[in-house]
Structures are given as structure tokens and as C-alpha cells.
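So that the names make sense, note that chain A is the first sequence line, chain B the second, and so on, each numbered from 1. No experiment lies behind these values; they were computed from the predicted model shown.
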2 protein chains.
Amino acid sequence: MDSQQRPLAGPHRSAFGAIVLDDVDRRLLSELERDGRISNKELAALAGIAPSTCHARVRALRESGVLRGFHAQVDPEAVGRGLQAMIAVRLQPSARARLAEVAHRLAQRPEVRDVYLLAGVDDVLVHVAVRDSPELRAFVLEHLSTRPEVAHTQTSLVFEHVHAPGTASL
Amino acid sequence: MDSQQRPLAGPHRSAFGAIVLDDVDRRLLSELERDGRISNKELAALAGIAPSTCHARVRALRESGVLRGFHAQVDPEAVGRGLQAMIAVRLQPSARARLAEVAHRLAQRPEVRDVYLLAGVDDVLVHVAVRDSPELRAFVLEHLSTRPEVAHTQTSLVFEHVHAPGTASL
DNA sequence: TATGAAACCTACCTAGT
DNA sequence: ACTAGGTAGGTTTCATA
């Protein structure tokens, strides 16, 4: 009787090492992206599995690194960071080797929300949220334009930032 | 005995309508940004308040709109979106009035993770996550470069995206 | 490996200070 | 407005199929 089908399996790892997810996993991820605080019981019902099974699946997704974490989304204005900007940064060619280092140092700053390392005319894109324009100016001066490894910066104000909570289901 | 001090108050609204948070609120937000699934009991302990007080505070923060939501963070590679790109979009001057409309339509697409509306040489910055470069090419063609309202696009591959889970505490 | 039940723990509400 | 207590419900573990 080894020909019996296996209806559910949870996250696997392929021969090459890539994670393989089934439809149930994708459904769980999709719902957790939509609502990170959904109860295990409700999540199980949405996925059509038992709560205990759901719990084990979510744990496996966490431990395999597919689920990286859960975070609250806070209104920037309420915490005194109502002004957002995107800063394109070009490094000196000689400093390109330290690109990752520079980027991760920037990411440590409280003003910084995102750092994108790019392949293009600009090397880095820095998304910041600050209180006002003097604070923005101070940040650019202190951490970017006066740095020896930075060749050029271009700052654009962000009128609106629409974050689309991922779509693992599609 | 009306001279007794009021040690804690929770989120207020100032005369102008802006939300005013105290140190405890900021601590709660900071911890919830770090770990959106922390238990109410543990959160209360970190903030130095009683669990029931903590529960009421968090509820008030949700209802006032300061806490916008909770979302899981998923590894893009695991869900078949290992290729990220940033696309700078410039609209036709005549189409600038429809900027918000265009941006929100883009944000509906499953490939789109972020849409930034800018004040600068480019009007919009679109952060996308796709499976491979044919899918990237198809997205740019179908939703951007062949559109009449789009004057120019410039696509840069994203080597790495560091998202800094906000810092409401500072 | 998925399930179902049992023990533990947490969230939530009510009342009191 | 914070604290304390009680109840209902959820999470987690474990034995079973």
C-alpha cells in the first residue's frame, strides 16, 4: 500500500536546497501577510486544516526562514516623523567595494526605513522618515554628502508611500 | 486631594487634532514594531505597566489610527519572487493630475511591493518583486512603458533590500 | 504527518481603588 | 486612570491513527 497519496506535507527542501511550498503553505503566508495577528484557530479554519496542524506548519515556516517575522505598522506622523524622503546615492568608484558596509551602517540610523542596493546609475536608495526639513538636511549632510566615499546625492521628497502587503498567494 | 499627580495618561489628542503620545505609548509601539506577536503580558512587563492597562493602551493606539496593522514578513525568494527592481517613472505633464490614480492602480498589482509618490525629476518610484527578468520586462511593458500617461521609465535591479523595522522610540 | 483532546496560559471584561 | 480578579477562549503539547 505504498501507492497511497500524501495529501499534505508542509514546507520541503528540494534537492538543490530551495524551499518548496504547497498550496496550504502559500495560503497561510498570504493570510499572515494580510493580518499578522490572526489567531491560530481562525487561520486553520481559513486554510481548511486542524489548529494543531496549522500551528506546526507555521512553526516550520518560521524555522525554515520563509516567515521572517511579524511587525506592527505605525503611523509615522504620530511618532514625529511626518516628512519622508528618498535619497539616491552614488559612491566614489573606489568606494564601491564597501557598498554593503555603507548600506548597513545607514540602516542602523533611526531615520532610515529602507535601504535599496541598486545596479544602475545610482548605487543606493535610502528611504528616510524625519520630523522636518532641517532634520532631513542634517541627515543628508552628516551621513551622506560630507562623507568621503559618497560622490553624489539627490534628495526627493515623498508625498505618499503606499506599501502593498505582499501577495504570497499569487 | 486634587493636587495628586497623574503618572500615566495614554494617547491624547491635542487642541489642533494631532495625536500626543507619552513615553509608555512610544515604548509599546517600539516593541510592537520589533515583535508584532509579543504577548500582552510580556509587552506590559517591558513597559512597566499592568497587563490590563497595557491591553487598553494598545487598543486605544489601534483605534486612534497610530497602530495601523500587523503584517508577517515573508522571504520573497521562497514564494517565487526572487528578483527585485526599482522603477523610476516620469509621467506626461498632462497626466500629472492623475498621478494618485495611476499610483494606486499600480499598488494593486501582485508584483508591486511599494509605490513612492515623489516631488522631483521622477514622479513615481515603483518597487517590484518578480520571478525572473522576463516577468520584469512584461510588467514594465504592460503597466508602464506602453501606457499613454507614462513619459519615461528607468529600471534598476535591486541587489538587496534592507528594511529597518521602524524606531518609534527615538 | 495530520488529528483530536487535555492542560496550560492568555486575553478580555468587570469591578474596585 | 491603574490594579486586581474571574471567566471564557485560545495556544500548545501529546498520544493516536
Using residues 86-104 of chain A as the side-chain source, report each donor-acceptor pair under 3.5 Å to any protein atom, sequence neighbours left out, with the distance given to one decimal.
{"residue": "A:Arg90", "atom": "NE", "partner": "A:Val121", "partner atom": "O", "Å": "3.4"}
{"residue": "A:Arg90", "atom": "NE", "partner": "A:Asp122", "partner atom": "OD1", "Å": "3.4"}
{"residue": "A:Arg96", "atom": "NE", "partner": "A:Asp123", "partner atom": "OD1", "Å": "2.9"}
{"residue": "A:Arg96", "atom": "NE", "partner": "A:Asp123", "partner atom": "OD2", "Å": "3.0"}
{"residue": "A:Arg96", "atom": "NH2", "partner": "A:Leu91", "partner atom": "O", "Å": "3.2"}
{"residue": "A:Arg96", "atom": "NH2", "partner": "A:Asp123", "partner atom": "OD2", "Å": "3.3"}
{"residue": "A:His104", "atom": "NE2", "partner": "B:Glu160", "partner atom": "OE2", "Å": "3.1"}

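Taking atom CD1 of A:Ile49 as the reference point, atom C1' of C:dT3 lies 11 Å away to the nearest angstrom. Following rounding to the nearest Å, A:Arg57 (CZ) and D:dT11 (P) show an atom-to-atom distance of 18 Å. Across the protein-nucleic acid pair, A:Arg62 atom CZ and D:dT12 atom P stand 11 Å apart, rounded to whole Å. When the P atom of C:dC9 is taken as reference, atom CD of B:Glu42 falls 15 Å away, rounded to whole Å.
Scanning both residues, B:Val74 and A:Leu67, for their nearest heavy atoms gives CG2-CD2, 4.3 Å.
Between A:His55 and D:dT12, a side-chain N or O to OP1/OP2 separation shorter than 4.0 Å is present. Here A:Arg59 reaches the OP1 or OP2 of D:dT13: one of its side-chain N or O atoms lies under 4.0 Å away.
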Between N or O atoms, less than 3.5 Å apart, protein on one side and nucleotides 15-17 of chain C on the other: list the pairs.
none

Report all interatomic pairs (protein N or O, nucleotide N or O of nucleotides 7-10 of chain D) with separations under 3.5 Å.
{"residue": "D:dG10", "atom": "OP2", "partner": "A:Lys41", "partner atom": "NZ", "Å": "2.9"}

Could you write out each protein N or O paired with an N or O of nucleotides 14-17 of chain D at a distance under 3.5 Å?
none

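A:His55 and A:Asn40 share no side-chain donor-acceptor pair at under 3.5 Å.
Looking only at side-chain heavy atoms (C-beta outward), B:Ser145 and B:Val150 stay at 4.5 Å or farther from each other.
Paired runs in DNA chain C that reach 3 or more consecutive Watson-Crick or G-U pairs, where each pair keeps both distances under 3.5 Å, cover C:1-17 with D:1-17.
Scanning for ring-ring contact (aromatic ring centres under 6.0 Å, His included) contacts around B:His127 gives A:Tyr116, B:His161, with sequence neighbours left out.
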